[in-house]
Amino acid sequence: MISLLSHRVVFVGGKGGVGRSTISAALGLAASRRGLRTVIAEMNGSETMADIFGRGPVGYAGGELRPGLHAVSITPSAAVEEYLVRQLKFRVLYNLVFGNRFIEPFMNAVLGLSDLISVGKVMDLEWMVDATRPSGLAWDLVVVDAPATGHSLSMLRTPRTMMDITRVGPLYQNARLIRDLLEDHRRTCFLGVSLAEEMPVQEMSEMVARLRAEVPIELTGIVVNGVRPRPFDGDELAAFRAFERWAARHHGPAEDAARTARRMVHRRARHEAQIRQLAATADLPLVEVPLLPHGRRAEDLLDPIALRLEPWL
Ligand SMILES: Nc1ncnc2c1ncn2[C@@H]1O[C@H](COP(=O)(O)OP(=O)(O)OP(=O)(O)O)[C@@H](O)[C@H]1O
Ligand SMILES: [Mg+2]
């Protein structure tokens, strides 16, 4: 049984454009409505939540989207500055390292420091205390609108990479703390998002395989988003086939209608084939979220999506 809301941190990941932000928003909204004080963490300084919920940018300090639902937009440079200033106490050291055009690329590109610290910031949200709340915690749930596949993978791997490189010292200690939380199955999990199409399915299957091999984070399941509904069920399909044969003998509107319906049947069949492929390769539970009518405001997508996620909450 999947129970996303029993975790403290849920990473939502998948290929670019498949609906990670929309699923994160729907999950966050559902959690907050159940009384969990929830924060959605966006990475790379994006402000999609502000757009979806129709408010101004939330920035690194964060802002409220709805009662009990907040967002923060984590910018790597802001996270690194906050971390180093806190760790090193002296801003001058920060300037020395990050004002140096030779050192900075090395710290970021080679060591993945800004990725580590961005993940560290997510984990900071999990640790954040609030003495005024009965739980003593600022957030009951952190939903991470994770970056697209490749970057998510390197981000989730980065605590281990940093531990391998450093072996001792404060960076090692920090990386270990982050790794321990990331890989604690009771507290942290990963929720995949894919479309029922060839490329996203392939990318999700590869991502799951890589995570299994390299980062033992708990893999809960995969949301298959934007699935075309089945146009006909059981008896209806048999009736449609009969109509199709009849329409083939009668040109005009009947034939056009049959052609349109046939396209819907084929599209659904292609989606089903991809869903079977994903189920077989990723070997994880799947939940389907239908393609909702175009032209709806992004926020209006959230309730029907949350309803589909309900069994996994
Ligand atoms: N089930 C759905 N039905 C209809 N439209 C959807 C559905 N899910 C997402 N969308 C729309 O698809 C677009 C992409 O979704 P979203 O921004 O959530 O994807 P993403 O994976 O976060 O993309 P990016 O890689 O750019 O961050 C948005 O316009 C969103 O409103
Ligand atoms: Mg997004």
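Ligands are counted one by one from 1 in listed order, and the atoms in each one are counted from 1 as well. Just so you know, residue 1 is the first one in the sequence shown, and it goes up from there.
Considering only heavy atoms from C-beta on, H7 stays 4.5 Å or farther from T188 through its side chain.
In terms of protein heavy atoms, atom 9 (C) of ligand 1 is closest to T22 OG1, 3.5 Å.
For atom 2 (C) of ligand 1, the nearest non-hydrogen atom from the set N225, L195, V193 belongs to N225. Summarising the contacts of atom 10 (N) of ligand 1 with L301, V224, L302, the nearest heavy atom is found in L301. Residue nearest to atom 4 (C) of ligand 1, selected from L292, V12, I23, V227: L292 (by heavy-atom distance).
One finds no salt bridge joining K121 and D124 here, because no Lys/Arg side-chain nitrogen approaches an Asp/Glu carboxylate oxygen to under 4.0 Å. A salt bridge is absent between D115 and R157: the closest approach of a Lys/Arg side-chain nitrogen to an acidic carboxylate oxygen does not fall below 4.0 angstrom. Salt bridge absent: E255 and R262 never bring a charged side-chain N and a carboxylate O closer than 4.0 Å. Electrostatic pairing of D303 and R33 counts as a salt bridge here, judged by a charged N lying under 4.0 Å from a carboxylate O.
Contacts with ligand 1 closer than 4.0 Å are made by backbone heavy atoms (N, CA, C, O) of P290 only, the side chain lying farther away.
For the side chain to side chain contact (heavy atoms under 4.5 Å, CB included) criterion with F190, the lone passing option out of L182, V12, L219 is L219.
At a threshold of 2.8 Å, the Mg ion (ligand 2) has a backbone or side-chain N, O or S atom of S21 nearer than that distance.
V143 and L313 end up in the same hydrophobic cluster when Ile, Leu, Val, Met, Phe, Trp and Tyr side chains are linked at under 4.5 Å.
Between G17 and ligand 1, at least one N/O pair is under 3.5 Å apart. Considering backbone and side-chain N/O of G16, none are found under 3.5 Å from N/O of ligand 1. Considering backbone and side-chain atoms alike, V289 places every N or O at 3.5 Å or more from each N or O of ligand 1. Considering both main-chain and side-chain atoms, D145 never comes within under 3.5 Å of ligand 1 through any nitrogen or oxygen pair. Residue L291 has no N or O atom closer than 3.5 Å to an N or O atom of ligand 1.
For E42 and S73, the side-chain atoms include no donor-acceptor pair closer than 3.5 Å. Donor-acceptor pairing under 3.5 Å is recorded for the side chains of T132 and D130.
The shortest separation from a heavy atom of P293 to ligand 1 is not under 4.0 Å, leaving the residue out of contact.
Contact annotation for atom 13 (C) of ligand 1: protein absent (non-hydrogen atoms, distance under 4.0 Å). Using a 4.0 Å threshold on non-hydrogen atoms, atom 19 (O) of ligand 1 counts as touching the protein. Within a 4.0 Å radius of atom 28 (C) of ligand 1, the protein contributes no non-hydrogen atoms.
Using cut-offs of 30° and 60° for the angle between ring planes, the F243 and F240 rings count as tilted.
Of all atoms in ligand 1, listed by their number and element, those nearer than 4.0 Å to a heavy atom of S21 are 18 (O), 20 (P), 22 (O).
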